[in-house]
Amino acid sequence: MIRGKTLGGTSSINYLSYVRGSPHDFKSWEDSGAVGWGWSNVEPYFRKVENATMDGMSAKLGRNGNLKLSRNHNEPSKAWKLIKNAASELGIKTTDYNDDMLGLSPVTFTVHEGIRQNSVAAYLRPIQKKRQDRLHIVTGALVSKVLIDNDSRFGSKAYGVEYLKDGKYHTVRARKEVIISAGVIGTPQILLLSGIGRKKDLQSLGIQVIVDLPGVGSNLEDHLLIDAIFMTNLTNPPSEKNPKVQYILNGNGPMSMSPKTAVFVKLPPKGTSSSSNERRRSFPDILLFLQENPALPTLLYLGMMLHPKSKGNVKLRSKDIEDHPVINPNYLEHEDDFQVLRKVYRLMEKFEKSAAFEKAGAQVMMPAICNRTQNKDAPRNDNFYNCLIWETSRSANHHCCTAKMGSRDDKYAVVDPQLRVIGVKALRVVDASVFPHQTSSNTQASVYMVAEKAADLIKQTWQLRAL
Ligand SMILES: Cc1cc2nc3c(=O)[nH]c(=O)nc-3n(C[C@H](O)[C@H](O)[C@H](O)COP(=O)(O)OP(=O)(O)OC[C@H]3O[C@@H](n4cnc5c(N)ncnc54)[C@H](O)[C@@H]3O)c2cc1C
């Protein structure tokens, strides 16, 4: 699994798309026990994160936050026009997903003047000098466990962490509380090594059990995607400017921004479900990214299923922090997930058959793998697509939920709605592992939102000034 092992974590290596998700996602977080995380609660924190820097960006995005955002398609390309025409034939409207999520939209990016905006640029660098008396950063260090006082009368309380650096173990003590933000794999690994997790699993590795919390490492969700390439007859005239020189000298040109377009699609109701609720539903099932290649006459079609039913898990391999944990994503365990991905292929066929794509000579290039193994003549039937899904689907790198937030009576909740680890005092988790389940979007926007809200929860605990 790809992870950013550097300052800024995965925000330092990701593909830069910024998508909040739909209000419905957060209603469903709240309905599942994350009280205080409904849309009206989280929307101010998204705004607090955001600094939409370009003219014409959605009025719903914040203007004063730390994270600078921009968007593409100010100079529409031939590919954007092609996709827009085809989408309109298919009844897909053009929108800005920040205003209205369903439809075809330019993409908002964590980019400012052609430069990546990661959590270091947005949050760390601006205050690093000012706070150097009390902000200590240790790089190249691996936290191996949380130090916990396990008192039978007063309960368990975290008081620091142990970490490994240059072959030596060190400890750091916390005066108030310990916050873990090690991501969807690192966080459960640290909790398990600290004795917080499923009792049976911890005992089998000889780890002293502090709290029996079966949810630690379970509930792993991700967006699985399929892709295909369209060959087209669209050619961009050779640029008079050298893109590299243009980028280095002016910070603009093709190298300064991803040329992708997003399409959020809602699937028709399943079987007999024609309830008015289902028809009114405003959140998508599928996200497509369509991306031209400035150097070749091709269009990448990338489609992901947004609400997977299959869930995986993360388990320890051993008691050694340097041993990678076992990650079992369990993709496609649920038959419904196959069905959704097959529909992503069927939608691709609709684009292919549209008059706009036909005019552009757009033809899908299928990988040969399933022609040989299953369907010699490659009829595009369900078996053919099942084979392609099985052989070629891959992670969208939107993992979440391995220390999910929920009510204290939910057996699989790991943190409560204040992000406090259940059963251990003075210990919080703040990262994508606390999502109760996936949002209809890429994950980074919600991680920033969770972090901003966590900052206020922490201030409230210690009675400091919040939002
Ligand atoms: C290739 C790729 C492309 C992506 N593209 C997008 C995109 O375009 N848009 C989007 O919204 N999302 C995208 N994502 C997802 C998004 O970037 C992540 O969901 C998000 O950054 C996760 O944030 P996090 O704080 O939970 O974890 P991370 O950002 O992974 O941070 C965890 C940090 O903890 C550190 N750590 C882990 N274990 C330990 C330990 N034991 N001791 C010390 N440190 C530890 C890690 O090194 C890392 O620095 C992408 C992800 C990947 C991998």
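- No donor-acceptor distance shorter than 3.5 angstrom exists from the side chain of E43 to the backbone of N41, with no hydrogens or angles considered.
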Apply side chain to side chain contact (heavy atoms under 4.5 Å, CB included) to the pair L287 and V263, showing each step before the final yes or no. CA-CA 6 Å; L287 165 57; V263 189; over 6 Å; no
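- Looking only at distances, a side-chain donor or acceptor of S181 sits under 3.5 Å from a matching main-chain atom of V430.
- The distance from atom NE2 of H223 to atom CD1 of I286, rounded to the nearest 0.5 Å, is 12.0 Å.
- Judged purely by atom type and a 3.5 angstrom limit, Q291 has no side-chain atom pairing as donor or acceptor with the backbone of T261.
- Salt-bridge formation is not detected for the pair D55/R71: no Lys NZ or Arg NE/NH1/NH2 atom is positioned less than 4.0 Å from an Asp or Glu carboxylate oxygen.
- Side chains of D323 and Q189 form no contact here, defined as non-hydrogen atoms less than 4.5 Å apart.
- The closest donor-acceptor contact from the side chain of S70 to the backbone of M54 lies at 3.5 Å or more, if one exists at all.
- A distance of 7.5 Å separates CG of L16 from NZ of K260, quoted to the nearest 0.5 Å.
- A parallel orientation is assigned to the rings of F338 and W390, their planes being inclined by less than 30° (bins at 30° and 60°).
- Checked by atom type, the side-chain pair Q444/S11 shows no donor-acceptor distance below 3.5 Å.
- Between Y123 and Q128, the side chains place no donor N or O within less than 3.5 Å of an acceptor N or O (distance only, hydrogens not considered).
- When only modelled atom types and interatomic distance are considered, S12 and N118 share a side-chain donor-acceptor pair under 3.5 Å.
- Under the side-chain hydrogen bond (donor to acceptor under 3.5 Å, both in side chains) criterion, D416 pairs with R408, R420, sequence neighbours left out.
- Y18 and E50 form a side-chain donor-acceptor contact under 3.5 Å, judged by distance and modelled atom types alone.
- Using modelled atom types, one side-chain atom of Y97 and one backbone atom of T108 make a donor-acceptor pair closer than 3.5 Å.
- Residues V415 and V434 share a closest heavy-atom pair of CG2-CG1, 3.9 Å.
- Geometric assessment of K27 against the ring of W39 yields a negative cation-pi assignment under the 6.0 Å and 45° thresholds.
- Side-chain atoms of N66 and K48, non-hydrogen and from C-beta on, never get closer than 4.5 Å to each other.
- With no hydrogens or angles considered, a side-chain donor-acceptor pair links D222 and H399 at under 3.5 Å.
- Nearest heavy atom pair, residue C370 against residue F384, reads CB-CE1, 3.7 Å.
- In summary, the side chains of D431 and S433 do present a donor paired with an acceptor at a separation below 3.5 Å, with no hydrogens or angles considered.
- Taking the side-chain hydrogen bond (donor to acceptor under 3.5 Å, both in side chains) definition, one finds that R198 meets it with nothing, sequence neighbours left out.
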Could you walk me through whether E292 and S77 satisfy the side chain to side chain donor-acceptor pair (under 3.5 Å) test, starting with their C-alpha distance in whole Å, then the side-chain angles of each, then the deciding distance to 0.1 Å, before giving a yes or no? CA-CA 9 Å; E292 67 181 301; S77 64; 2.6 Å; yes
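- Rounded to the nearest 0.5 angstrom, M304 CE and N397 CG are separated by 9.5 Å.
- With no hydrogens or angles considered, no side-chain donor-acceptor pair links N330 and S310 at under 3.5 Å.
- Of all non-hydrogen atoms in Q438 and C401, the two that sit nearest each other are N-SG, 4.0 Å.
- When side chains are defined from C-beta on, L388 does not count as touching R342, because their heavy atoms never get closer than 4.5 Å.
- Atom-to-atom distance recorded for M305:CE and Q339:CD is 11.5 Å, nearest 0.5 angstrom.
- Counting heavy atoms from C-beta on, the side chains of T95 and L104 never come closer than 4.5 Å.
- Applying the 6.0 Å contact sphere to NZ of K459 captures more than 12 heavy atoms from other residues, nucleotides or ligands.
- D285 contributes a side-chain N or O that, together with a main-chain N or O of L267, makes up a donor-acceptor pair within less than 3.5 Å.
- In this model, a donor atom of one side chain and an acceptor atom of the other lie less than 3.5 Å apart for N98 and D96.
- Y301 and M348 get closest at one heavy-atom pair: OH-N, 3.1 Å.
- Checked by atom type and distance alone, the side chain of N51 never pairs as donor or acceptor with a backbone atom of N64 at under 3.5 Å.
- Between atom CD of residue E89 and atom CZ of residue F357 there is a gap of 9.5 Å, rounded to the nearest 0.5 Å.
- N250 CG to S256 OG: the interatomic distance, rounded to the nearest 0.5 Å, is 10.0 Å.
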Decide salt bridge (charged side-chain N to carboxylate O under 4.0 Å, His left out) for D100 and K93; before the verdict, give the C-alpha distance in whole Å, the side-chain angles of both, and the deciding distance to 0.1 Å. CA-CA 10 Å; D100 175 3; K93 67 176 186 292; 3.2 Å; yes
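- T10 places a side-chain N or O within donor-acceptor distance of the main-chain N or O of G4, the cut-off being under 3.5 Å.
- Under the 4.0 Å criterion applied to side-chain N and carboxylate O atoms, K309 and D337 are not assigned as salt-bridge partners.
- Residues satisfying the ring pair (Phe, Tyr, Trp, His ring centres under 6.0 Å) criterion with F435, sequence neighbours excluded, are W29.
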For R20 and D25: C-alpha separation, side-chain torsions, deciding distance, then whether salt bridge (charged side-chain N to carboxylate O under 4.0 Å, His left out) applies. CA-CA 10 Å; R20 288 171 165 191; D25 297 327; over 6 Å; no
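- Residues S58 and D99 have side chains that bring a donor and an acceptor to within less than 3.5 angstrom of each other.
- A donor-acceptor pair shorter than 3.5 Å can be found between the side chains of S440 and H307.
- No side-chain heavy atom of P297 sits less than 4.5 Å from a side-chain heavy atom of N233.
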Worked verdict on D456 versus Y45 for side chain to side chain donor-acceptor pair (under 3.5 Å): CA-CA 10 Å; D456 272 2; Y45 288 103; 2.7 Å; yes
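- Contact annotation: the side chain of I422 never approaches that of V414 to less than 4.5 Å [non-hydrogen atoms, C-beta and beyond].
- Between F283 and L306 the shortest side-chain heavy-atom distance does not fall below 4.5 Å.
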Could you walk me through whether D227 and R394 pass salt bridge (charged side-chain N to carboxylate O under 4.0 Å, His left out), step by step? CA-CA 9 Å; D227 54 14; R394 58 195 168 88; 2.5 Å; yes
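- In summary, R47 and E452 do not engage in a salt bridge, as defined by a charged side-chain N under 4.0 Å from a carboxylate O.
- For the residue pair S28 and H437, a side-chain donor N or O sits within less than 3.5 Å of a side-chain acceptor on the partner.
- Residues A79 and L299 approach most closely at CB-CD1, 4.1 Å, considering heavy atoms.
- Under the 4.5 Å side-chain criterion, counting only non-hydrogen atoms from C-beta, I180 is not in contact with R428.
- In terms of heavy-atom proximity, A86 sits nearest to S354 at CB-OG, 3.5 Å.
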